[in-house]
S.K.: 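Below are the structure tokens for one structure; questions will follow.
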Number of protein chains: 2
Amino acid sequence: MSQGNLISIPFVFEQPCPIRDVLDRIGDQWSLLILEVLEHGTMRFSEIERAIADISKQMLAKTLRRLEEDGFIRRTLYPQVPPRVEYELTELGRSFLVPLKNLIAWANENHQAICEARSDYGVKNGGR
Amino acid sequence: MSQGNLISIPFVFEQPCPIRDVLDRIGDQWSLLILEVLEHGTMRFSEIERAIADISKQMLAKTLRRLEEDGFIRRTLYPQVPPRVEYELTELGRSFLVPLKNLIAWANENHQAICEARSDYGVKNGGR
DNA sequence: GTGATCAGGTCTATTAACTAGACCAGAGGG
DNA sequence: CCCTCTGGTCTAGTTAATAGACCTGATCAC
């Protein structure tokens, strides 16, 4: 609170900033995964559910709604019984695939290194 | 479970796959943000805390430990009183900055479009 | 000497988020 | 007549995150 011991920090990520705003949305357990899955084309709810496997219906529905709300995907409901709902990437969503695929490529390339880091850490802190 | 109605899905993201493994770790509220903050150099615990502002101490400590465990960052403890602890990116962490900065650049470029999508969605589904 | 202060956490209690699983509509098939 | 199909929603129980008190122990003001 006092001024004397303030360390100068030129960047502060408060909530109303673009980076925070976007990262807070896509930075969750499922969003990136769903977008990656939808790269392969238009898919139905149950197809996405099967592709990700361990997502719960509720989280899938919620995450899809949020992605739709943010303009990443488009939801099309065919009023049949049983209902048919299809999800596909919008232009915005497709443009997001570019940085996303970079990220995924990095993940594939460096997964090994991460695993090694984990086991090294485990050795160093083995006891507990 | 029966075979008849299986829609062919050539890609299934089960947990033990590199993409899932990496995304499950960095795909949370704080990891990406912390890594981005640390781009600016070695920082102390309280500096990071101040830079992100609305992170709780517990989550910061936990996320830092996980990032350290995965080899993204290095933690250096100077045994003084009061304690001094510094965090910095490792080689691996720095290499991750490349895809991360792509992501952030995308976020900056498209933040406007996302906001517009949100308000459009709000109009369309205004009642509820 | 007494007490406040510092950094970097941890501990606890409250609150929010997520999960699993039941349930629903309503047309078509056996 | 009952069962099945899809895309969800609802409820109950579990897990995770948050806010805030607390801890250490050397240093400094009083």
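Values reported hereafter were calculated over all heavy atoms of this structure, with side chains retained and with hydrogens, waters and symmetry mates removed.
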S.K.: So that I can tick it off, tell me whether A/E86 and A/R74 are bridged by a salt bridge, with the cut-off set at under 4.0 angstrom between side-chain N and carboxylate O.
M.R.: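 Answer for the salt bridge query: no.
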
S.K.: For A/Y78, answer base if it contacts any base atom (sugar-phosphate contacts may also be present), sugar-phosphate if it contacts only those atoms, and nothing otherwise; contact means non-hydrogen atoms under 4.0 Å.
M.R.: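 Counting heavy atoms under 4.0 Å across all strands, no contact is made by A/Y78.
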
S.K.: Can you check each nucleotide of nucleotides 11-20 of chain D against protein heavy atoms at under 4.0 Å and return B for base, S for sugar-phosphate only, - for none, in 5' to 3' order?
M.R.: B-----SBB-

S.K.: In whole angstroms, how far is the P atom of D/dT6 from the CD atom of A/E47?
M.R.: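 Those two atoms, CD and P, are 10 Å apart.
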
S.K.: Does a side-chain N or O of A/R44 approach OP1 or OP2 of D/dG7 to a distance below 4.0 Å, or not?
M.R.: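 Yes, within the criterion.
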
S.K.: Evaluate the side-chain proximity of A/I26 to A/F72: yes if any heavy-atom separation is below 4.5 Å, no if none is.
M.R.: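 In short, these two side chains touch, coming nearer than 4.5 Å.
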
S.K.: Which of these nucleotides, D/dA26, C/dG9, D/dT9, is closest to any side-chain atom of B/V81?
M.R.: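 The closest nucleotide is D/dA26.
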
S.K.: Does A/D70 pair with A/R65 as a salt bridge, N-O distance under 4.0 Å?
M.R.: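 Looking at A/D70 and A/R65, the cut-off is not met.
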
S.K.: What is the distance from CD of B/Q80 to C1' of C/dA7, rounded to the nearest Å?
M.R.: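 Rounded to whole Å, this separation is 10 Å.
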
S.K.: Between A/R20 and B/D54, does any side-chain N to carboxylate O distance fall below 4.0 Å?
M.R.: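 Yes, this pair counts.
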
S.K.: Heavy-atom nearest nucleotide on DNA chain D for A/R65 versus B/P82: which residue maps closer to 5'?
M.R.: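 Checking each residue's closest nucleotide, the 5'-ward one belongs to A/R65.
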
S.K.: Hydrophobic clusters here meaning ILVMFWY residues chained together by side-chain heavy-atom distances under 4.5 Å, can you tell me if A/Y78 and A/L38 are in one?
M.R.: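 Shared cluster, no.
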
S.K.: Between A/R66 and A/E69, does at least one N-O distance fall below 4.0 Å, as a salt bridge requires?
M.R.: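 A salt bridge is absent here (no side-chain N lies under 4.0 Å from a carboxylate O).
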
S.K.: Given atom CG of A/L64 and atom P of D/dG7, what is their separation to the nearest angstrom?
M.R.: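 It works out to 11 Å between those atoms.
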
S.K.: Would you mind reading off the distance between A/F45 atom CZ and D/dG7 atom P, rounded to a whole angstrom?
M.R.: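 Taking CZ of A/F45 and P of D/dG7, I get 8 Å after rounding.
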
S.K.: Nearest whole angstrom, please: distance from the P of C/dA25 to the CG of A/L77.
M.R.: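 Atom CG in A/L77 sits about 17 Å away from atom P in C/dA25.
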
S.K.: Find the distance B/R84:CZ to C/dA7:C1' and express it as a whole number of Å.
M.R.: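 For the pair B/R84 CZ and C/dA7 C1', the rounded distance is 10 Å.
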
S.K.: Ring-plane angle category for A/Y87 and A/F45, please: parallel below 30°, perpendicular beyond 60°, tilted otherwise.
M.R.: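 The arrangement is tilted - the two ring planes meet at 30° to 60°.
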
S.K.: Check whether any side-chain nitrogen or oxygen of A/Y87 sits under 4.0 Å from OP1 or OP2 of D/dG8, and answer yes or no.
M.R.: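 For A/Y87, the contact criterion (side-chain N or O under 4.0 Å from OP1 or OP2 of D/dG8) is met.
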
S.K.: Output the rounded distance in Å from CD1 (A/I48) to P (D/dT6).
M.R.: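 Computing the A/I48:CD1 to D/dT6:P distance gives 14 Å.
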
S.K.: D/dA26, C/dG8, D/dG7: which one has an atom nearest the side-chain heavy atoms of B/R75?
M.R.: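 My answer, after comparing the listed nucleotides, is C/dG8.
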
